[in-house]
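First comes the structure, then the notes that go with it.
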Amino acid sequence: MALRVVQWATGGVGVAAIKGVLEHPDLELAGCWVHSEAKNGRDVGDIVGTGPLGVTATNDVDEILALDADAVIYTPLLPNPDEVTALLRSGKNVVSPVGWFYPSEKEAAPLRAAAEQGGVTLHGTGIAPGGISEKFPLLMSTMSTGVTFVRAEEFSDLRSYEAPDVVRHVMGFGDTPDKALSGPMQKLLDGGFIQSVKMIVDSIGFAAEPRVRSTQEIAVATAPIDSPIGTIEPGQVAARKFHWEALVGDDVVVEVTVNWLMGEENLDPAWNFGPAGQRYEMEIKGNPDFTVTVKGFQSDIGGEGPEYGVVATAAHCVNSVPAVCAAPPGISTYLDLPFISAKAAPGLR
């Protein structure tokens, strides 16, 4: 029998997750929680553009908690541990791209207790953090020995990211430098990326200092730049870099970096992506050294279709559901779950 899945929230990742559930042979959509009253009571298919699915969206949390379902794909903009605790206690496995990739014991303890009480599992996954930033560098590191350094880095042009409120009010683009540097973005990103760094440190076996060093940089526009939030004027923030580093003494042994630019022109400092363009990179230094470049998750500027990194994030969640449902109660990270793959398209199986 197919596993019954609830989708929590219908932003970009949520919509992609619903479509992924519909394509997965082992899953069926059982319910959907929505934030807005405007979506409450609507057929989920009408919300995501697939045509009627016979599943009605609700903004009633108690209705979701009472639903007969095996798992929830939990994709709000910001995580709420109280919501996840309630879902776990109700007997629903939770898969999420917004946290819990490799939680500290302090963060994990109440969630693990709720999961054990409900007889279910919590798993954090996604793309970055939650994939490119730790899972796949660790996977690739098996082809080297005597590892001295691991790097995971994102290079993305945010002009294709169609979430203007997030870009302006959360990411801080279009702000003054002082406001952006003191805004919430660093703290929000720390929550996931520090877990990524610590997973690599622990798995590789580096004797790194407990504290992960977090830093950020900004670049401002030198001329007007068209963007999803309108025109970014000269002097306003038009590019951001975030770095997380683990050190053994003075040596950086793990480095995770995010480069977000509103294009490569009219920036001070004059940042660019280099000849390789938008991409994710993973680098291992050891015997031998090697670099892996991944392209295709960043959409072309002005092109048709969704932001493919969003779709990939949702796919990683969807494809993880069967393994998470089969895992023992508690919290399972990538280090606990078996190898996971996608499934063939409906017409090819």
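- Ring pair W244/F242 is parallel by interplanar angle, where below 30° counts as parallel and above 60° as perpendicular.
- Ion pairing between E209 and R211 fails under the 4.0 Å rule for side-chain N and carboxylate O.
- At a threshold of 4.5 Å between non-hydrogen side-chain atoms, the residues K39 and V44 do not count as touching.
- Checked against side-chain hydrogen bond (donor to acceptor under 3.5 Å, both in side chains), E107 has the following partners two or more places apart in sequence or in another chain: W100.
- In this structure P269 satisfies the side chain to side chain contact (heavy atoms under 4.5 Å, CB included) test together with A219, W271, sequence neighbours excluded.
- The backbone N or O of T145 lies less than 3.5 Å from no partner atom in the side chain of N287, so there is not a single donor-acceptor pair.
- By the side chain to side chain contact (heavy atoms under 4.5 Å, CB included) test, K285 is found to be paired with T148, F149, E283, D289, residues two or more places apart in sequence or in another chain being considered.
- When the options L111, N80, V94 are evaluated for a side chain to side chain contact (heavy atoms under 4.5 Å, CB included) with T85, the one that passes is L111.
- Salt bridge status for E105 with R112: present, with a side-chain N to carboxylate O gap under 4.0 Å.
- Classification of R151 and E281 as a salt-bridged pair holds, one side-chain N sitting under 4.0 Å from a carboxylate O.
- A donor-acceptor pair is defined here as one N or O able to donate and one able to accept, closer than 3.5 Å; such a pair exists between the side chain of N272 and the backbone of G274.
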side-chain contact (heavy atoms from CB on, under 4.5 Å) evaluation trace for W260 with F173: CA-CA 10 Å; W260 289 334; F173 283 87; 4.0 Å; yes
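- Under the rule for a ring-ring contact (aromatic ring centres under 6.0 Å, His included), the partners of Y74 that lie at least two apart in sequence or sit in another chain are W8.
- In this pair, H123 and Y334 present their aromatic rings perpendicular. The plane angle is above 60°, beyond the 30 to 60° band.
- Applying the side chain to side chain contact (heavy atoms under 4.5 Å, CB included) test to D165 and every residue at least two apart in sequence or in another chain returns H169.
- In this structure, R42 has no salt bridge (Lys or Arg N to Asp or Glu O under 4.0 Å) partners at least two apart in sequence or on a different chain.
- Using a 4.5 Å heavy-atom threshold, the side chains of Q186 and S214 count as touching.
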